[in-house]
Amino acid sequence: MRLWPRTLFGRNVLLMAGLILFAEIGMALMFSRAVQEPRVNRLIEYAHAHTHAIRVALDVMTPEQRARYLAALHEHDSTHVVVGAAPAAANATPRPIARRLLARLAARMGPGYRLAWEEAPARRLWIGTLVGAQEYWFGVDTNPFIGNVGPLFLRFALGAGVLALIGAYLIQCRINQPLRALAQAASSVAHGRTEMPDLSKAPTEIAQVAASFSQMAADLEANERERALMLAGVSHDLRTPLAKLRLATEILKDDADAGLIESMTRNIAVADSVIDQFIAYARLGHDEAMQVCDLNEMARDVARTAGAPLRLELAPLPAIDCRPVALRRALANLVENALRYDGSSDPGTVELHSEVRGGRLLLSVQDRGPGIPAADLERMRRPFTRLEAARGGKPGAGLGLAIVERIVRLHRGELILRNREGGGLEATISLPAEPAAGTEA
């Protein structure tokens, strides 16, 4: 059982509750020491002096004088006097504070006195002693000294604790709100977006963190643009010498060795394909406007231009907002990879599926190729990563899945890779099933 919460909110609330409890215990101890203890001392001194004075007075009086004195005392004083046995109400078991009071008063009064406590109907301290041959009990009202403030103090402590906890909760909510906004901003940066919340009214410390985070996101975006621009520029510049080499092979086709010309043509095509991947990776799709997309129609279009027959199993899908050129490129990359590495000689073994599951739109491309070792499934999403043995050693730059990963993240989606039973790879684009603006869900 975990007693210490893992969330900052839970930890702070628990810490504040502990501090409030500690403060109230300290306040109770201070109240007992600074208020109740002096009251008890005054009550002990008063009971001792008052009872001793009454006893001395009664001791020197005649029976008639005693009767008149007790009547006057009962009429003008809060002290009750009972002659004979102790009052029945004084047999109640006293509370801890009363037991301590009786013990201290017994030590102060000395021998010759008996003590008892009455809790109801009135809280009284009874002191019994012999005057002559008769036993007298004097009842001293304790409320002026140690009134029953316990329930009042308890209600005050509980009320103050509840108010403090509510205040702590509201304070923590004011902290959690900008933190949640920062977490959402971090998630948006991870998906290729840099929308930053307005945290200018947040606490200074969180606003400073938000400003630093915003600066970091802006720097990352600027670095990404510079990297994309450099990659696109280098790729574009390489096109010119490749075009000249292609032209040279055409000119030399009839005079040079046919095998050499074929090898040069094949290598030029490979280099041109790698440059296409570089340019696709650099462009990504940030600048493309969002449009209403029919993913099934996009899948059919990719299948028509795939260069090999695909098996389509498409379920009805709602229209969503997407960047159609970028998302089509991602789906085409998956289909191209599947056709390149598919190990079956039968046409139509590469399958393209669509469905809605758990509030997500799924586009899956399945092949019967060699698959990817489980330990390398995550690594294959990185740029310039290739597995020579696992996927047949086909030529390429290792950017196909990296391009798909970046485009899918740009759409707040996820690329899921898993090996199929019986061999092959299944690559799934999972997108949030949010209907496009202006359409019905």
Side-chain angles (χ1 to χ4, degrees), residues 262 265-266 268-277 279-281 285 291 293-320 322-357 360-372 377 380-381 386-405 407-408 411 413-431:
E262 181 182 355
T265 302
R266 184 170 60 252
I268 290 172
V270 170
D272 197 46
S273 175
V274 170
I275 291 174
D276 284 338
Q277 286 190 344
I279 294 176
Y281 186 76
Q291 300 180 24
C293 298
D294 184 341
L295 298 187
N296 281 338
E297 183 58 35
M298 183 182 295
R300 295 188 190 97
D301 181 59
V302 169
R304 282 193 296 267
T305 59
L310 304 178
R311 180 182 173 186
L312 298 179
E313 292 186 6
L314 306 178
L317 300 179
I320 63 170
C322 77
R323 295 171 172 85
V325 175
L327 193 56
R328 187 189 185 284
R329 181 187 302 136
L331 185 59
N333 276 8
L334 294 181
V335 170
E336 180 183 346
N337 281 348
L339 290 173
R340 180 184 301 172
Y341 298 110
D342 184 61
S344 175
S345 57
D346 300 328
T349 56
V350 174
E351 303 176 9
L352 181 53
H353 299 257
S354 71
E355 62 175 315
V356 180
R357 185 195 310 161
R360 310 283 292 182
L361 302 185
L362 304 181
L363 290 174
S364 300
V365 180
Q366 303 174 355
D367 64 51
R368 285 298 179 187
I372 298 174
L377 284 173
M380 288 301 296
R381 305 166 186 268
R386 301 181 67 248
L387 292 177
E388 300 296 333
R391 297 289 277 174
K394 304 292 184 180
L399 286 173
L401 291 179
I403 292 172
V404 177
E405 172 81 8
I407 294 175
V408 171
H411 289 81
E414 180 183 7
L415 174 62
I416 303 171
L417 302 176
R418 70 175 188 89
N419 290 306
R420 302 177 65 191
E421 294 184 6
L425 183 72
E426 179 182 48
T428 301
I429 295 175
S430 173
L431 301 173

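In this chain, residues are counted from 1 in sequence order.
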(request) For Leu362 and Ile429, run side-chain contact (heavy atoms from CB on, under 4.5 Å): C-alpha distance rounded to whole Å, both residues' side-chain angles, the deciding distance at 0.1 Å, then the answer. (result) CA-CA 6 Å; Leu362 304 181; Ile429 295 175; over 6 Å; no
(request) Return the minimal non-hydrogen interatomic distance between Val356 and Pro316, and the atom names on each side. (result) CG2-O, 3.9 Å
(message) Give me the atom names and distance for the closest heavy-atom approach of Ala338 to Val350.
(response) CB-CG1, 3.7 Å
(request) May I ask you to test the Asp367-Asn337 pair for a side-chain heavy-atom distance under 4.5 Å? (result) no
(request) Examine distances only and state if a side-chain atom of Asn419 and a backbone atom of Ile372 form a donor-acceptor pair shorter than 3.5 Å. (result) yes
(message) For Ser430, is there any backbone N or O sitting under 3.5 Å from a side-chain donor or acceptor partner on Arg360?
(response) yes
(request) Give a yes or no on whether the backbone of Asn296 and the side-chain of Ser354 come within a donor-acceptor separation of less than 3.5 Å. (result) no
(request) Taking the side chain as every heavy atom from C-beta outward, state whether Cys293 and Leu327 have any atom pair closer than 4.5 Å. (result) no
(message) With a 4.5 Å cut-off on side-chain heavy atoms, are Leu331 and Val404 touching?
(response) no
(request) Kindly indicate whether the side chain of Glu405, heavy atoms from C-beta on, has any atom under 4.5 Å from the side chain of Leu401. (result) no
(request) Measure across Met298 and Cys322 and return the closest heavy-atom pair with its distance rounded to 0.1 Å. (result) CE-SG, 4.3 Å
(message) Within this structure, what is the CG-CG distance for the pair Leu431 and Leu295, rounded to the nearest 0.5 Å?
(response) 6.5 Å
(message) Has Arg368 got a side-chain atom pairing as donor or acceptor with Gly423's backbone, closer than 3.5 angstrom?
(response) yes
(message) Do His353 and Glu351 pair up side chain to side chain, a donor and an acceptor below 3.5 Å, judged on atom types alone?
(response) yes
(message) Within the structure provided, determine whether Leu425 and Leu377 are in side-chain contact (heavy-atom separation under 4.5 Å).
(response) yes
(request) List the atom of Ala308, the atom of Leu339, and the distance in Å for their closest heavy-atom pair. (result) CB-CD2, 3.8 Å
(message) Could you check whether Glu426 pairs with Arg418 (Lys NZ or Arg NE/NH1/NH2 to Asp/Glu carboxylate O, under 4.0 Å)?
(response) yes
(request) Side-chain contact test, heavy atoms from C-beta onward, threshold under 4.5 Å: evaluate it for Glu313 versus Leu352 and give yes or no. (result) no
(request) For Val335 and Ala306, work out which heavy atoms get closest and say how close. (result) CG1-CB, 4.0 Å
(message) With salt bridge (charged side-chain N to carboxylate O under 4.0 Å, His left out) as the rule and sequence neighbours excluded, what pairs involving residues 299-309 come up?
(response) Glu297-Arg300, Glu297-Arg304, Asp301-Arg304, Asp301-Arg328
(request) Kindly give the heavy-atom pair with the smallest separation between Thr428 and Ser364, and that separation in Å. (result) OG1-OG, 2.9 Å
(message) Using only atom types and a distance under 3.5 Å, with no angle test, would you say the side chain of His411 pairs donor to acceptor with the backbone of Arg323?
(response) yes
(message) Rounded at 0.5 Å granularity, tell me how far CD1 in Ile403 sits from CZ in Arg329.
(response) 7.0 Å
